[in-house]
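Written below as structure tokens is the structure these notes are about.
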Amino acid sequence: MPPSAMHTVVCDMLGIRHPILQGAMQGGGSVDLVSAVSNAGGLGILPTFGGTEEKLRADIAEVGQRTDKPFAVNILPMGRGFTETRARICIELDVPIVTTGRADPGEDAVHMLKDAGITVLSVVPTVGHAVRMVEEGVDAIIASGCEAGGHVGTVSTLPLVPQVADAVDVPVLAAGGIGDARGVLAAFALGAVGVQIGTLFMASSESGLNAWGVEQLVHMSEIDTVVTKAMTGAPVRCIATPELVAYEAARRDGADKTVLSDLRKKARAGRHPERDEDRRQTAAGQVAGLIHEVRPVADIIEALVAESAAMAVTFRKQAG
Ligand SMILES: Cc1cc2nc3c(=O)[nH]c(=O)nc-3n(C[C@H](O)[C@H](O)[C@H](O)COP(=O)(O)O)c2cc1C
């Protein structure tokens with residue numbers, strides 16, 4: 001197979017064809033999605049957040065059966081015990097790549113993974129966090145802007161990526177708000193050598209997201225997300241349901257604990273009040289406004305690569 005038109009150092013580092021990572025996604029990043037992305041030449045990443053150790057073992061085994069290409073596991077540091085058990089499972093089951101997200105997993109965890117020969121990439125929301133992770137020994141940084149779905153900081157992708165790229169001497173990938181080839185090229189223009197995409201893959205045929213969530217994704221606009229603490233206690237960008245918006249308004253107004261707890265339960269309720277419909281709330285990024293259809297993963301990746309390459313040629317011609 002010829003090298004990707006988008007080949008970068010990230011492809012060599014991770015053993016993948018295209019420098020396109022599918023960000024780990026609790027609630028939608030199932031084995032179907034992860035294996036489809038890896039089989040299409042990107043990097044599929046399994047989530048661990050919210051899942052048991054047994055599930056992680058079963059998921060790793062199943063992805064390993066469905067693809068002979070590299071895939072990764074994401075560890076959200078949810079306390080030392082959680083981080084270490086997940087890291088040990090990755091080592092034991094020969095997972096080649098681990099990503100970390102939301103917070104610093106700690107130097108010990110990074111060393112444990114690196115000593116086992118695992119490539120480690122860290123998702124970061126600030127320059128300071130990026131520098132710390134590089135000091136701890138990670139191989140690459142994924143700079144994630146606050147327009148992303150999932151846990152977010154406060155700096156958006158446009159200013160974050162070049163500042164991180166200037167501050168560290170390892171490859172930098174961009175995440176947050178990338179929904180088509182224009183976003184990919186923008187990321188490269190900012191100094192990234194690869195991209196991590198979440199929301200767009202949530203709206204793929206292989207996504208494990210419930211039908212309600214997929215329907216929301218293809219119809220919502222760029223203003224239909226909300227950053228809320230109702231899901232994990234930390235800021236998470238989600239689909240702005242009336243229940244989540246009500247929770248956030250009450251929180252801002254200083255509502256008391258009982259009121260907030262009640263609103264939080266309603267916002268996280270997984271079923272439609274009248275119909276028997278799974279309405280489990282999902283994280284989603286502002287780029288959802290750009291997504292209007294559900295497509296197979298292979299088509300999404302092929303289009304991202306072909307359109308980015310064509311656009312790069314146009315830019316070169318414009319530049320003379
Ligand atoms: C539904 C959903 C769940 C997510 N869960 C996780 C997770 O478990 N761990 C993690 O590091 N990032 C998680 N993220 C963030 C993604 O991995 C990715 O970095 C982000 O979606 C990129 O921004 P985008 O949504 O604008 O493409 C999640 C994102 C979404 C949309």
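What you see below is based on every heavy atom in this structure, not just the backbone, and it leaves out hydrogens, waters and symmetry mates. In listed order, ligands and their atoms are each counted from 1.
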- Nearest-0.5 Å distance that lies between atom OG in Ser38 and atom CD in Gln22: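 Reported value, rounded in 0.5 Å steps: 7.5 Å.
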- To the nearest 0.5 Å, tell me how far Gln216 CD sits from Asp224 CG.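 Gln216 CD to Asp224 CG: 8.5 Å, rounded to 0.5 Å.
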Who's the nearest protein heavy-atom neighbour of [atom], and how far?
{"atom": "atom 21 (O) of ligand 1", "value": "Gly198 CA, 3.3 Å"}
{"atom": "atom 23 (O) of ligand 1", "value": "Ala148 CB, 3.2 Å"}
{"atom": "atom 17 (O) of ligand 1", "value": "Ala24 O, 2.8 Å"}
{"atom": "atom 30 (C) of ligand 1", "value": "Met25 CG, 3.6 Å"}
{"atom": "atom 11 (O) of ligand 1", "value": "Asn74 ND2, 3.1 Å"}
{"atom": "atom 18 (C) of ligand 1", "value": "Gln196 NE2, 3.6 Å"}
{"atom": "atom 29 (C) of ligand 1", "value": "Gly149 O, 3.4 Å"}
{"atom": "atom 31 (C) of ligand 1", "value": "Ala283 O, 3.5 Å"}

Can you sort out which atoms of ligand 1 are near [X], meaning under 4.0 Å from one of its heavy atoms?
{"X": "Gly176", "value": "22 (C), 23 (O), 26 (O)"}
{"X": "Gly177", "value": "24 (P), 26 (O)"}
{"X": "Thr282", "value": "1 (C)"}
{"X": "Ile197", "value": "27 (O)"}

Short N-O contact, [X] and [Y], less than 4.0 angstrom:
{"X": "Arg57", "Y": "Glu92", "answer": "yes"}
{"X": "Arg88", "Y": "Glu84", "answer": "yes"}
{"X": "Asp299", "Y": "Arg295", "answer": "no"}

- Would you check the N or O atoms of Glu147, main chain and side chain alike, for any that come under 3.5 Å of an N or O of ligand 1? no
- Check which hydrophobic residues are tied to Phe315 through side-chain heavy-atom contacts below 4.5 Å, counting indirect links as well, and list them. Leu185, Met311
- Message: Clusters formed by hydrophobic residues whose side-chain heavy atoms approach within less than 4.5 Å: which one holds Ile142, and what are its other members?
- Response: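 So far as hydrophobic clustering goes, Ile142 is joined with Val9, Val10, Met13, Leu14, Ile16, Leu21, Leu43, Ile45, Ile97, Leu121, Val123, Leu173, Val193.
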- Message: With a cutoff of 4.0 Å, is Leu200 in contact with ligand 1, counting heavy atoms of the residue only?
- Response: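 Distance cut 4.0 Å: Leu200 fails for ligand 1.
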- Item | Proximity to ligand 1 by part of Thr199, non-hydrogen separation under 4.0 Å |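 Thr199 to ligand 1: contacts from backbone and side chain alike.
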- Give the contacting part of Met202 toward ligand 1: side chain, backbone, both or neither, where contact means a heavy-atom distance below 4.0 Å.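 Under 4.0 Å from ligand 1, Met202 contributes side-chain atoms alone.
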- Task: Please report the closest heavy-atom contact between Leu260 and Ala255, naming both atoms and the distance.
- Result: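 Answer, listing the atom of Leu260 first, then Ala255: CD1-O, 3.7 Å.
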- Could you tell me whether the side chain of Ser207 and the main chain of Met202 form a donor-acceptor pair under 3.5 Å? yes
- Item | Arg237/Thr225 under side chain to side chain donor-acceptor pair (under 3.5 Å): CA gap, chis, key distance, verdict | CA-CA 6 Å; Arg237 186 177 293 284; Thr225 66; 3.0 Å; yes
